[in-house]
Amino acid sequence: MPTISNAKPARRQHVESQDRPEPAGEGVRLQKVLAAAGVASRRAAEEMISDGRVEVDGTIVREMGRRIDPDVAVVRVDGVRVVVAKDTVYLAMNKPRGWQSTMSDDLGRPCVGDIVRDRVAAGQRLFHVGRLDADTEGLLLFTNDGELAHRLMHPSYEVRKTYLATVTGVVPKSLGRTLKDGIELDDGTAKADEFTVLEISEGRSLVRVVLHEGRKHIVRRLLAAAGFPVEQLVRTHIGVVAVGSQRPGSLRALSRDEVGALYKAVGL
Ligand code: URA
């Protein structure tokens, strides 16, 4: 399976004749690739193919004997990209507050590299998608798919990131308009795509901010420039991927749907 699972492989696996390795250099049958990617059983995958729901490199494939190279081919089912490459890895971490967003830290401070160390030691070439400030908690993605990582970080693809911020002060109703119109910062204008006040209590406000850029300290700088310094910041979403109730410091494999939605969001 190319997807990540914590399940241990069975010691001895029953190998049916159709599970024998494909002849080298000839590719792998499409229905087998789809089944291995967890899309459907091989039989159901055959039906999907004959129903014209499966696309390889931009072309619908209906013939059953089609072989592909899963490490190279772009496969879509019902228009949604399916991860079929054998060694691709997509992980979500809830970065704990106080941890550096780096793979190692010269000063010996705790860093996200500590959390993925076993995977890297096992040979996975993982890197994190963007960064969070040490003081910020929340969703950080890891992958070894360089193009996806690049596009998720690039503002031109407009992938939205959602943050919950506790700020000092009682924010006025008009703040949403101000942030959406944009505020001039040292390195250019910053804008929120969405802004919602969730709670006001004891001189503090809890707000939700959505934006699609990733400049350093952008949410803290934006809100401070508006007169509301951030006391606590959590990133809850990148596109459709949510940190949800994931424990700080834990990792989980993204689901097939989440990976498909990320690919779609960046036009891959
Ligand atoms: N904006 C910030 O200010 N900090 C982060 O960690 C992410 C976005």
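Just so you know, these numbers use all the heavy atoms, side chains as well, and skip hydrogens, waters and symmetry mates. Starting from 1, each residue takes its place in the sequence as its number.
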*Please determine if Glu55 and Arg81 form a salt bridge, counting it only when a charged side-chain N lies under 4.0 Å from a carboxylate O.*
no
*Are the charged groups of Glu147 and Arg151 less than 4.0 angstrom apart, N to O?*
yes
_Shared hydrophobic cluster, Phe127 / Val112 (ILVMFWY, side-chain heavy atoms < 4.5 Å)_ = no
*Same cluster for Val266 and Val74 if Ile/Leu/Val/Met/Phe/Trp/Tyr side chains link at under 4.5 Å?*
no
*Side-chain contact test, heavy atoms from C-beta onward, threshold under 4.5 Å: evaluate it for Arg220 versus Thr136 and give yes or no.*
yes
*Rounded to the nearest 0.5 Å, what's the gap from NZ on Lys95 to OG on Ser250? Could you check?*
13.5 Å
*Residue pair Leu152 / Leu262, side-chain heavy-atom distance below 4.5 Å*: yes
*Has the side chain of Thr196 got a donor or acceptor atom that lies under 3.5 Å from a matching backbone atom of Leu198?*
no
*asked:* Looking only at the side chains, is there a donor atom on one of Arg109 and Thr102 sitting less than 3.5 Å from an acceptor on the other?
replied: no
*Check for a donor-acceptor pair, side chain of His237 on one end and backbone N or O of Gly239 on the other, with a separation under 3.5 Å.*
no
*Without swapping roles, check the side chain of Asp69 against the backbone of Gly27 for a donor-acceptor pair under 3.5 Å.*
no
*asked:* If only side-chain N and O atoms count, and only distance matters, is there a donor-acceptor pair under 3.5 Å linking Glu231 with Thr166?
replied: no
*Is there a chain of hydrophobic side chains (I, L, V, M, F, W, Y, each step under 4.5 Å between heavy atoms) that links Phe228 to Leu164?*
no
*At their closest point, which heavy atom of Ile183 faces which heavy atom of Ala225, and how far apart are they?*
CG2-CB, 3.7 Å
*asked:* Using every non-hydrogen atom in the two residues, find where Pro70 and Val28 come nearest and quote the distance to one decimal.
replied: CD-CG2, 4.1 Å
*Find out if a path of hydrophobic residues (ILVMFWY) with successive side-chain heavy-atom gaps under 4.5 Å connects Val54 to Ile68.*
yes
*Output yes when a side-chain donor or acceptor of Asn94 lies under 3.5 Å from a complementary backbone atom of Gly138, and no otherwise.*
yes
_Quick check on Arg221: does its CZ atom have over 12 non-hydrogen neighbours (other residues, nucleotides or ligands) under 6.0 Å away?_
yes
*Say whether, by atom type as modelled, one donor and one acceptor occur between the side chain of His128 and the main chain of Ser101 under 3.5 angstrom.*
yes
*Inspect the contact between Arg215 and Asp187 and indicate whether a charged nitrogen and a carboxylate oxygen are less than 4.0 angstrom apart.*
yes
*Is any side-chain heavy atom of Ser205 less than 4.5 Å from a side-chain heavy atom of Leu175?*
no
_Side-chain touch Pro96/Glu137, heavy atoms, less than 4.5 angstrom_ = no
*Under a 4.0 Å N-O cut-off, is there an ion pair linking Glu199 with Arg204?*
no
*Should Phe195 and Ile200 be regarded as members of a common hydrophobic cluster, given that ILVMFWY residues are connected when their side-chain heavy atoms come within less than 4.5 Å of each other, either directly or indirectly?*
yes
*So do Tyr90 and Val83 actually touch side chain to side chain, heavy atoms under 4.5 Å?*
yes
*asked:* For Asp105, is there any backbone N or O sitting under 3.5 Å from a side-chain donor or acceptor partner on Gln100?
replied: no
*Sub-3.5 Å donor-acceptor pair from the side chain of Lys191 to the main-chain atoms of Leu179, do we have one?*
no
*Using the test side-chain hydrogen bond (donor to acceptor under 3.5 Å, both in side chains), find all partners of Arg177 that sit at least two apart in sequence or belong to another chain.*
Asp181
*Have a look at Glu194 and tell me which of Arg160, Arg208, Lys161 forms a salt bridge (Lys or Arg N to Asp or Glu O under 4.0 Å) with it.*
Arg160
*asked:* Nearest 0.5 Å, please: how far is CG in Leu251 from CE in Met93?
replied: 4.5 Å
*Heavy-atom side-chain proximity of Met153 to Val129 below 4.5 angstrom*: yes
